[in-house]
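Before any comments, here is the structure.
Naming: A, B, ... by sequence-line order, numbering from 1 per chain. Because only heavy atoms are used, hydrogens play no part in the values below, and waters and symmetry mates are left out as well, while side chains stay in.
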Amino acid sequence: MIKLLKNLRNFLASLKLAIFLLILLVLSAAVGTFIPQGGMPEQYLNRFGSFGRLIPVLELHRVYTSAWFTVLLLLFSLNIIFCTLARLGPKLRRFFKLDSSQFQGLDRLKLKAGFRSDLSPEKLLAEARSLLKGRRYQVRSIVSENSVCLQGKKRALGWFGSDFVHLGIVIILSGGIVSSLLAKREFMTLTEGQEALIPGTSIALRLDKFETEFYTQGGIKDWKSTVSVSENGQSAFSRVIEVNHPLSYRSFKIYQSGYGRDWSQAELSLELKKSSDPAFSRTFILKPGQKIPVDDDHISLISARSFVPDFILTESRQVASKSDLPNNPAVFVEVLKGQEKIFSGWLFLHYPGFQSTRAQTEPELLVYFRKLYAPEYSVLEVTRDPGVIFIWIGCLLLSAGLFLAFYWRPVEVRLQAEEIQVGSSVKAAGLSAGNNDRFRVEFDDFIDSLRR
Amino acid sequence: MAESVLFSTAFGVYIICAFFYFLFLFTTKNKWSNVALYLAAAGLTVHFAALVLRTVISGRAPFTNMYESISFLSWAIVGSYILIIRKFPYPKIGPYLMLVVIALMAVASSPLMPKDIMPLVPALQSYWLWLHVSVTLLGESFLAMAFVASILYLKARDSDKMEKLDAICYRSVAIGFPLFTLGALIFGMIWAYKAWGRYWGWDPKEVWSLITWFVYALYLHTRIVMGWKGKRSAIIAIIGFLAALFTFFGVNYLLSGLHSYL
C-alpha cells in the first residue's frame, strides 16, 4: 500500500508527466479552436460527416468545459504541486540551514578552487568574510575545532523563482475552479427611467439616461449608461457606466454590455389621406398590436396588426425580421369602415409609395408610415466572481516568479579551510543557477584576493 | 502621407541593410556587417519616427489594426536584434533576421492591408491597449530572434557556431517569454476583465496565446530540468514561434472571435 502511494507520488511529481500533459494540453486546446464550439449535434453531422457523430460523444463541441479537459487541468495542477513540493523541501533546507554536510564534495563541483594558505583557518575566515561582505554577500559560517566552513550567498531568493511561478499557476487554476463554480452573471435590460433589482439582492439599478456617442466621421464612439444605484429603497449614488469602465459596487461589477430598441413599445406614426380630397390628412400614433377606434364618417377603426424593424420574406413567404436593427421597418395596417375592411396591407417607412403602386386603379384611401420611434434600452451585465481575486494574486506571483527565475540569478560561494601544520588547506566552490560568466569572474577574483 | 514616406524609407533602409549583411556573409568581411548594423539602427530610427508620427496624428496607440501591428512588430524585431547582438556578437544571424523583417514589412505594405486611420471601437478605448499589445509584441520580437537562431542552428555544422546560436536562442526566450507572459496573458486577462466582464473566455486568440505559452514552457522545462540542448530545443523554439505567428495572423484570418479587430 505504502509502496503504491509512493509510486503514485513519484508519478505525479515526474517531469515526464509534466511534458506529456503540456503536449496534450496544447493539442486539445488547439482542437477546440478548429471545431466550432457550442453547436448542436446535427450541425456537426452536416459539416463533418461521420466524424461529426463522434464530436458530441467526445465532447469536442465543448472542449474547454468537458470532463476530460477538466481532468487534464486537474492532473496538470497536481503535477505542478507535487513537482514543486518534491524540489522545495531540499531547497528550503539549504536556504535556512547550514551544516557541514553541505561542504562535502566541494571538489566535485564545476566551479572550484583549492590552495594552501599561510593564514590559520580563523584568520582566513575573517578575511574571506570581509571580502565577501564587500561584494554584498550574506555570510554564515561554522567553526569547529580544526576547521572552518563558510557560506556566502547573494540573490538567494532567485532559487525560488520557479516555485513562485508554479504557485502562481496553481492559484490561477484554483481561481478558475472557483469562478466556474461560483461566478454569477446576469443581464439586465433597462429603458430610460426603468428600475430593476439585481436578481437575488435588494440592490436596485435605475437607468437615468442612455446615450450612444458617434464620431464626427461616423462609427460608434461609446455607449454610456447613467445608472442610479439604491439599496433597500435608499438611494446610494449615481454613476456613468461605459465600455471599459465598469462600475464596482459591493461584490458586483456592472458592465455596459449591449443596447437596442424596445420594438414592442415602438410608436408608429401613420398618416391617412384621401385621393379625392387633397386637404384631408389625419395622423395616428399606434403601438404594435394597438387598435384605435375612430369617430369619423369615413373610418371606424385603425389597427397596427404587426410590426417588424427589418422586413424580410422567408422562403415559405412568411414575414420575418432579418435583424433587430431598423433597416427596413414595416407595419401591417388594417383600416375599417363599419365592418368593412377598406385598407389592409404592409407599409414601409423607407418606401412610402409602395402601397399605391400595387393597386391598379388609384384607391380612395391612402395610408403612409411616416415616423418611427422606439425607446432605446441598455443591456447591463452584472457579475459577481469570487474567483477573480485568486487570479490577480496568481498573476502577481507568476510575474514575480518569472522575474526571479530569469533576472535574479542566485550565486553562492562555499569554502572550507582545514588546519594544517603551517596555515590551512582551503577548498572552495561556486554555485549559480545556469551558466553565469560574471559570477565565474567574481569567484576567481575572490579566490585570488584570498590567496594573497 | 508623411508617415507613409517615413515607413517606406525605413523599409528601403532595411532592404539595403539586408544587402550589406549578405555581402558580409559572402565576403566574410566584418566591415560590411558593421555597415549593415549602422543601417539597421538608421532604419530603426526612421521607423520609430513613422510610429511616433502615426501616434500623434491618430491620437492613439500605433497598433490598432494589422498594418500598424505588423509595422510595430517589425520595428521591435530590429530593436531586439540590436540589443541581443551587442551582448552576443554573432552578426551571421543578421541577414536572415532582416529577411524576416523585410517579409513582415512587405506584408504590412501590401494593398490588402487597410492603412487608413479608423476611429477606435469602444472596446479598444483603454490604456490597456498600450500595455497589452506593446508588451506582447515586444515579447514576440525576442521570440522571433529565438526562431531565426534556431533555424540557423539546425543548418549549422560547426560546434562553436552551434553553441553561440543555442545561447542566443535561450537568451532571447529568457527575455521574450516573461514579456509575452506579462503582455499577452496577464495584461490580457486584466483588460478582458475590464472590457468584457470576464478574465478568460476561451476565445481563439486567448487559447492560441496559451498554446504558445505552453510550447515555450515546454522549451524551458526540457532544457533546464531535463538538460535538452541544441537540436531538440531548437525545434521546440521554432514550433513556439509558429504558434505565436498563428496567434497573431491565423486567429484573425482563419478563426472567428472577439479579437477580430481588423
Side-chain angles (χ1 to χ4, degrees), chain A residues 15-16 18-19 22-23 25-27 29-30 32-34 36-37 63-65 83 87 162 165 172 175-176 179 183 185 213-223 242-246 253-257 381-383 385 387-388 391-392 395-396 398-399 402-403 405-407 433-435, chain B residues 117-129 167 170-171 173-175 177-179 181-182 185-187 189-191 193-208 210-215 217-218 220-226 239 243 246 250-251 254-257:
Chain A
L15 191 76
K16 280 198 179 120
I19 284 163
L22 278 172
I23 293 172
L25 281 169
V26 164
L27 296 177
T33 63
F34 292 116
Q37 298 289 289
V63 169
Y64 310 114
T65 51
C83 263
R87 289 163 179 76
S162 64
V165 171
I172 289 172
S179 289
R185 66 189 61 236
E213 286 181 357
F214 294 91
Y215 287 104
T216 45
Q217 63 267 55
I220 288 166
K221 191 176 176 197
D222 206 358
W223 293 287
E242 49 188 310
V243 182
N244 269 312
H245 299 278
K253 281 239 170 200
I254 304 160
Y255 296 86
Q256 179 67 54
S257 167
E381 186 183 359
V382 181
T383 68
D385 187 347
V388 169
I391 304 297
W392 303 151
C395 284
L396 219 59
L398 176 60
S399 316
L402 284 174
F403 174 76
F406 287 109
Y407 298 102
N435 262 351
Chain B
I117 295 173
M118 297 296 283
L120 278 191
V121 298
L124 289 184
Q125 295 165 26
S126 169
Y127 56 87
W128 285 103
L129 173 66
Y170 176 71
R171 247 319 82 198
V173 173
I175 302 171
F177 181 73
L179 284 176
T181 310
L182 195 69
L185 296 172
I186 297 181
F187 290 168
M189 283 201 284
I190 298 174
W191 191 13
Y193 184 63
K194 277 196 84 154
W196 299 329
R198 87 287 183 293
Y199 53 85
W200 191 263
W202 297 105
D203 178 76
K205 197 85 155 186
E206 294 171 354
V207 174
W208 275 94
L210 187 65
I211 289 173
T212 306
W213 193 79
F214 278 152
V215 175
L218 209 59
L220 292 168
H221 284 82
T222 48
R223 188 182 177 93
I224 296 169
V225 194
M226 286 172 78
I239 296 172
F246 189 79
V251 173
L254 303 174
L255 308 173
S256 63

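- With a 4.5 angstrom heavy-atom cutoff, Met118(B) does not touch chain A via any of its atoms.
- When all heavy atoms of Pro122(B) and Ile220(A) are compared, the closest pair comes out as CD-O, 3.6 Å.
- Arg185(A) contributes a side-chain N or O that, together with a main-chain N or O of Gly197(B), makes up a donor-acceptor pair within less than 3.5 Å.
- Using the six-membered ring where Trp is involved, Trp202(B) and Tyr64(A) have ring planes that are parallel, under 30° apart on the 30 and 60° scheme.
- In this structure, no portion of Ile254(A) lies under 4.5 Å from any heavy atom of chain B.
- Within the 4.5 angstrom heavy-atom criterion, atoms from both the backbone and the side chain of Lys221(A) approach chain B.
- For a residue to count as touching a neighbouring chain, one of its non-hydrogen atoms must lie under 4.5 Å from one of that chain's; by this rule Ile224(B) does not touch chain A.
- Counting only heavy atoms from C-beta outward, the side chains of Gln125(B) and Glu242(A) never approach each other to under 4.5 Å.
- Relative orientation of the Tyr193(B) and Trp392(A) rings is perpendicular, given thresholds of 30° and 60° on the angle between their planes.
- Formation of a donor-acceptor pair under 3.5 Å by the Tyr215(A) side chain with backbone atoms of Leu120(B) is found in this model.
- Listed options Trp200(B), Phe177(B), Phe214(B) were ranked by heavy-atom pairs under 4.5 angstrom with chain A; first place goes to Phe214(B).
- When side chains are defined from C-beta on, Leu22(A) does not count as touching Trp213(B), because their heavy atoms never get closer than 4.5 Å.
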